[in-house]
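To start, the structure itself, in structure tokens.
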Number of protein chains: 2
Amino acid sequence: MQKTSIKKRVTLKDVANAVGVHVSTVSRALDPRTRHLITPEVAEQILKASERLDYRQNAAAYSLKTNRTRTIGVVVPDITNPVFPPIIRGVEDALASRGYVAILGNTDGDMRRETGLVETFRSRGVDGLILASVEREDAAVSKLAAEGLPVITVNRRVDDSTVASVVNDEAEGIRRVLTHLVSLGHRRVANIAGPQSLSTGAARYAGFEKYRGPMGLVDDRDLVVFANAFNEAEGERCVEELLACGAEFTAIVCSNDRLAVGAIAALSRHGLRCPEDVSVTGYNDMPMVERMQPPLTTIRIQSNKVGFEAGQLLVKMIERPPGEYEAEHIVLPIELIVRGSTRAIRPPNGRGRETG
Amino acid sequence: MQKTSIKKRVTLKDVANAVGVHVSTVSRALDPRTRHLITPEVAEQILKASERLDYRQNAAAYSLKTNRTRTIGVVVPDITNPVFPPIIRGVEDALASRGYVAILGNTDGDMRRETGLVETFRSRGVDGLILASVEREDAAVSKLAAEGLPVITVNRRVDDSTVASVVNDEAEGIRRVLTHLVSLGHRRVANIAGPQSLSTGAARYAGFEKYRGPMGLVDDRDLVVFANAFNEAEGERCVEELLACGAEFTAIVCSNDRLAVGAIAALSRHGLRCPEDVSVTGYNDMPMVERMQPPLTTIRIQSNKVGFEAGQLLVKMIERPPGEYEAEHIVLPIELIVRGSTRAIRPPNGRGRETG
DNA sequence: TTGTAAGCGTTATCAG
DNA sequence: CTGATAACGCTTACAA
């Protein structure tokens, strides 16, 4: 004859009453770290009773008392951008096994919204923060870290190296792309660089500048153009700009896949086929780019792992005795994925090969 | 000379001391719903002080006292599946403006993990739940709803109509697809149906069965094959099966885009081109399918709106005085997007046109 | 080994 | 209109 309709939640007190001990005993028995303080048989009984009564700790009370929420805030520009879900998934997988959960927020690239979200999350007492939305200059974030709140940036980093990060090996990615293109005979390689306010855009562009000389690529100002955002529309615009300058190139290295998608579309509008007339490369290997026409040659990043490592590291930071530790910076290896959007340049039609 | 390093959080008491009133007065002044109880000037002072001291409510204390967390749990099969991010985004947009946040969990289609997540979320005292992971038979979910916890299923629904839902007009989607195909002259139309344990798979299949007769399509058993999951691999397997039976068809209606992607790949392996030899349609219009070769004809669902409506409705349910209300069921309209994967059947090579 | 009691920051009830 | 006070459920010295 028990009421099943409006069930009040079972508390420690209920369990204590059921067993005939004090709440504090129950509390100790239920926490693995303090269980040893209790007589094994009593502990056993308590465990059983709490199971039977379906006791679940009240997270609010726990938080109020301990000042810990086992919740972390995750801020991304836009969860709808295919780059982020795998990262978020990785974070959640790492957190779940440790009893943490993530609350999520989108900034749409607006730094004011980032600030607002961080506020909201702090008000909710998150134990730490994972930020995929940071720009290179981000005083607010440095301050958070300085205040002792565990913070990690993923995919991107801030210039200030006091805030921990998990990122991809951007320079190596660009080096691989260039090596590949060079091996196909390309010498006039253009670059659609990403926003320089983001570490990804800056690092990839830096890689391009660093390697193109040594690899024997033509070093022409006109071959580089900067996108204002990592999206298809900017990819298109940049190709227009490249073409408008009259720059000559046989390949375009794009700072990410979405720019590449836009670039290919724009080329095609101008009657330039990919890869017959110009090879194009992307970066990230986001879902579906292998099904595009042509399938995109790109750099595969370990998105899931980026998130997972960040989640793990963050928990480590949270549970480490407070105080001084060096901010860790994890750099994950990448992989070159060769597909149909790159191919050897057409057989030299008379001008012969380069010097040397 | 203020310490900026280890700042303790400012509480109601701090504000009260600063202004020289009691905490309860501050509490009242800060809550818009009770602000009218206190003298305007005092309220003014309190607002100012709380601003100046950067007071933020302690969410844990609020929750402990009120039994409300302003947090809702969102459960999806896999955030990495492109169908879900827009829905989640919609949910978050609806919640954010109302001061709620979402915590997220992935089940990978495993019902036991769904149960586990719901447990975790309840333990954290979520005010409500949005589930994108439900199967048609889901006793656990019905029970939640019966216990009075606000629950909404999105994209899918459970058979038990006591749990609220926001879904797409599946039958209409299939009807549009079939109308389109018929207008192109197709009569032998196959169907790769989705899992029948999911409302989406079942409703789309039901639509196919309902309309194919009236529309004059050939009504052949062999033209229907069931996928065990909504993914590319199953799409491929189903085409193999279709081909193995020797079924003849000029078009395939797939229960979602991923099945269609797999189907096109498998057809191509058998030397059948899409759309020249067989037209293929998808469902969902997920990102990038317009860039595929061929671009996919599909049904566009209002993913973002599905999430937004669900978020809104859930908050309404949460804030409604507890008790009896009918579970709402919202059905959103869809849109047919015609692209390159469908075309008119080849000019009749002798057999002439159908009767009539 | 277990019980006692204080207190985390709020809101709500009840006086004044 | 405002203040005092209790209570939400839990953890943790401290006492026994």
Side-chain angles (χ1 to χ4, degrees), chain A residues 7-47 49-50 53-71 99 122-127 319, chain B residues 7-47 49-50 53-71 99 122-127 319:
Chain A
K7 42 169 66 173
K8 278 218 82 59
R9 251 177 71 167
V10 176
T11 72
L12 279 188
K13 185 144 64 166
D14 298 321
V15 179
N17 288 341
V19 181
V21 295
H22 195 265
V23 283
S24 59
T25 309
V26 179
S27 173
R28 286 187 273 253
L30 259 27
D31 183 345
R33 288 198 330 257
T34 50
R35 182 146 46 236
H36 65 275
L37 297 173
I38 305 293
T39 316
E41 296 100 53
V42 178
E44 176 86 353
Q45 273 187 75
I46 292 176
L47 268 305
S50 89
L53 298 180
D54 193 27
Y55 167 80
R56 279 157 311 167
Q57 184 185 60
N58 180 314
Y62 172 88
S63 294
L64 182 56
K65 185 65 195 175
T66 62
N67 223 6
R68 300 183 58 256
T69 55
R70 297 196 208 97
T71 299
R122 294 197 71 186
S123 153
R124 282 169 176 270
V126 294
D127 293 336
E319 295 182 350
Chain B
K7 42 170 65 173
K8 279 216 80 61
R9 252 176 71 167
V10 355
T11 71
L12 281 187
K13 185 146 61 166
D14 298 321
V15 179
N17 287 342
V19 181
V21 294
H22 194 265
V23 283
S24 54
T25 308
V26 179
S27 174
R28 286 189 273 254
L30 259 27
D31 183 345
R33 289 197 330 257
T34 50
R35 178 141 54 234
H36 66 275
L37 293 173
I38 66 170
T39 320
E41 295 101 55
V42 178
E44 177 85 355
Q45 274 186 74
I46 292 175
L47 268 305
S50 90
L53 299 180
D54 192 26
Y55 166 80
R56 279 158 311 169
Q57 185 184 60
N58 180 314
Y62 172 87
S63 293
L64 181 57
K65 185 65 195 171
T66 62
N67 223 8
R68 299 183 58 256
T69 55
R70 297 196 206 97
T71 299
R122 295 197 71 187
S123 154
R124 282 168 176 271
V126 293
D127 293 337
E319 295 181 351

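Chain A is the first sequence line, chain B the second, and so forth, proteins listed ahead of strands; every chain is numbered from 1.
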Can you measure [X] atom [atom1] to [N] atom [atom2] for me and round it to whole angstrom units?
{"X": "A:Gln57", "N": "D:dG9", "atom1": "CD", "atom2": "C1'", "result": "10 Å"}
{"X": "B:Asn67", "N": "D:dA7", "atom1": "CG", "atom2": "C1'", "result": "13 Å"}
{"X": "A:Arg56", "N": "D:dG9", "atom1": "CZ", "atom2": "C1'", "result": "14 Å"}
{"X": "A:Arg68", "N": "D:dT12", "atom1": "CZ", "atom2": "P", "result": "10 Å"}

Should [X] and [Y] count as side-chain neighbours, where that means a heavy-atom distance under 4.5 Å?
{"X": "B:Val21", "Y": "B:Gln45", "value": "no"}
{"X": "B:Glu44", "Y": "B:Pro40", "value": "no"}
{"X": "B:Val19", "Y": "B:Thr25", "value": "no"}
{"X": "A:Arg122", "Y": "B:Arg9", "value": "no"}

OP1 or OP2 of D:dT12 under 4.0 Å from side-chain N/O of A:Tyr62: no
Minimum-distance nucleotide (side-chain atoms of A:Leu64 versus C:dA6, C:dT10, C:dG9):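 Looking only at heavy atoms from C-beta outward on A:Leu64, the closest nucleotide is C:dG9.
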A:Tyr55 side-chain proximity, nearest of D:dC10, D:dT11, C:dT11: D:dC10
Given B:Leu47, B:Val26, B:Leu30, the one that forms side chain to side chain contact (heavy atoms under 4.5 Å, CB included) with B:Val15: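 With B:Val15 as partner, B:Leu47, B:Val26, B:Leu30 yield a single side chain to side chain contact (heavy atoms under 4.5 Å, CB included), made by B:Val26.
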Members of residues 10-39 of chain A that approach DNA chain C, where some heavy atom sits under 4.0 Å away: A:Val21, A:His22, A:Ser24, A:Thr25, A:Arg28, A:Leu37, A:Ile38, A:Thr39
N/O donor-acceptor pair under 3.5 Å between B:Ser63 side chain and B:Ala59 backbone: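 Yes; judged by distance alone, with no hydrogens or angles, the pair exists.
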Donor-acceptor pair under 3.5 Å, A:Lys65 side chain vs D:dT11 base: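 By the distance-only test, yes, there is a pair.
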